[in-house]
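Take a look at the structure set out below.
In what follows, chains carry the letters A, B, and so on, assigned in the order in which the sequence lines appear, proteins first and then strands, with residues in each chain numbered from 1. Computed from a prediction, not measured in an experiment: that's the story for all the values here.
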Amino acid sequence: MTEIAERAAAALDDPENWPEDPKEAVVRQRLLADRVRTEPLDAEGVELVCGLDVSYGVGDTELAAAAVVLDARTLEVVETSLVTDTPSFPYVSGLFAFRELPPVLKAIEGLSLTPDVFISDGFGLAHPRRFGVASHLGVLIDARVVGSAKSVLYGRNTPPGEERGSWTPMVAGRSEIVDDTFALAEEGAEVIGRTLRTRSRTRPVYVSVGHRVDLEGAADLIMRVSPKYRIPEPIRHADRLCGLYRKEHEAGGAAK
DNA sequence: GCGACAG
DNA sequence: ATCTTGTCGC
């Protein structure tokens, strides 16, 4: 078992990590948020990237999580890990981690490789308490994690240019940001993420620091692993994998 | 009080 | 997230 797998198992076993209700969950987030660290990430130096995603079944009774490791250079899948589970926490915007991390940690536990960085389908610092799933996961297993979300949760956003590679900062709090002149935002307000166009004339994705990466490196990595489609390849693979897996699971078990 | 609200 | 056919575009 790898060190990361062991830490994932330990995080799952600690009851302190899994509050019963939203109220306690918020307290837990505030406590752990202090542990988030930002450090430089050399996107070009990454060799193994792991995409994570969760899919849901009908009636809120089952979900599937996938961890897919890709060779960052060729973008070929080198390992996959799948797991099915039962939701034990309701869906509450801002408290994602308490619902999705249990199965995700189990999927990570099943990996035999050690990815250089993980990509989570959600936010990191671009969160009301600066502690979205990406940061939460990173802190629990002490790994590098990048957050890549498909829609906005928190902060001010400005649409980037239409071409692939264009981006604008996501800003929290009061800012003097006006239209596309975000230079002012860099000085006064807090930059919590990046609205990034991974594909020309297609909706952008929202990148933020999860844990032990910096925003520059995170955005560079997302661009590197999204050469063709809007959604980063690691996430696309994880999405497809757990989606199909869950479908087959229902088809075989739910004999009506 | 009135919106907004990751997957 | 999920329920769902065709359709416009490269």
* **A:E79 versus A:S112, side-chain donor and acceptor atoms under 3.5 Å** => yes

* To do: For DNA chain C, produce a single dot-bracket line, 5' to 3'. Pairs: Watson-Crick or G-U wobble, both distances under 3.5 Å. Symbols: ( ) within strand, [ ] crossing, | other strand, . unpaired.
  => ..........

* Start with the C-alpha gap between A:Y56 and A:E100, add the side-chain angles, then the distance that decides, and say whether side chain to side chain donor-acceptor pair (under 3.5 Å) holds. => CA-CA 10 Å; A:Y56 296 82; A:E100 301 200 344; 2.5 Å; yes

Heavy-atom pair with the smallest gap, counting every atom of [X] and [Y]:
X      : Y      : result
A:A43  : A:D220 : CB-CB, 3.5 Å
A:P227 : A:V225 : CD-C, 3.3 Å
A:S135 : A:R130 : OG-O, 4.4 Å

[X] [atom1] - [N] [atom2] separation (whole Å):
X      : N     : atom1 : atom2 : result
A:D60  : B:dG7 : CG    : C1'   : 12 Å
A:R129 : B:dA6 : CZ    : C1'   : 12 Å
A:L101 : B:dA6 : CG    : C1'   : 12 Å
A:F96  : B:dG7 : CZ    : P     : 6 Å
A:F98  : B:dA6 : CZ    : P     : 16 Å
A:R203 : B:dA6 : CZ    : P     : 12 Å

* To do: Name the first nucleotide and the last nucleotide along DNA chain C (5' to 3') that come under 4.0 Å of a heavy atom in chain A.
  => C:dA1 to C:dT2

* On the ring face of A:F98, is A:R28 found with NZ or CZ under 6.0 Å from the centre and within 45° of the axis? -> no

Dump every N/O contact between nucleotides 3-5 of chain B and the protein below 3.5 Å, one line per pair.
unit_1, atom_1, unit_2, atom_2, d
B:dC5, O3', A:S93, OG, 3.3

* To do: Kindly give the cluster partners of A:I192, where membership spreads through any ILVMFWY side chain lying under 4.5 Å from a current member.
  => A:F123, A:V152, A:L153, A:Y154, A:M170, A:Y206

* What is the nucleic acid contact for A:G57, judged by heavy atoms within less than 4.0 Å: base, sugar-phosphate only, or nothing? -> nothing

* For A:L95, answer base if it contacts any base atom (sugar-phosphate contacts may also be present), sugar-phosphate if it contacts only those atoms, and nothing otherwise; contact means non-hydrogen atoms under 4.0 Å. => base

* Asked: Does the side chain of A:L137 reach to within under 4.5 Å of the side chain of A:I108, using non-hydrogen atoms?
  -> yes

* Side-chain contact, heavy-atom cut-off 4.5 Å: A:T158 with A:T195? -> no

* Would you sort out whether A:E163 and A:R197 count as a salt bridge (charged side-chain N to carboxylate O under 4.0 Å, His left out), showing the intermediate values? => CA-CA 7 Å; A:E163 299 306 309; A:R197 194 82 69 181; over 6 Å; no

Nearest-0.5 Å distance that lies between atom [atom1] in [X] and atom [atom2] in [Y]:
X      : Y      : atom1 : atom2 : value
A:L101 : A:N17  : CG    : CG    : 9.0 Å
A:T198 : A:I231 : OG1   : CD1   : 6.5 Å
A:L196 : A:S208 : CG    : OG    : 12.0 Å

* With a 4.0 Å heavy-atom cut-off, tell me which residues in residues 225-234 of chain A come close to DNA chain B, sorted by residue number. => none

* Asked: Counting distance only, does the side-chain N/O of A:R212 pair as donor-acceptor with the main-chain N or O of A:G138 below 3.5 Å?
  -> no

* Asked: Can a salt bridge be assigned to the pair A:K228 and A:E233 using a cut-off of 4.0 Å between side-chain N and carboxylate O?
  -> no

* Between A:D121 and A:K150, does at least one N-O distance fall below 4.0 Å, as a salt bridge requires? -> yes

* **Stem list, DNA chain B (Watson-Crick or G-U pairing under 3.5 Å, at least 3 consecutive pairs)** => none

* Does the side chain of A:K150 get closer than 4.0 angstrom to OP1 or OP2 of B:dG7 through an N or O atom? -> yes

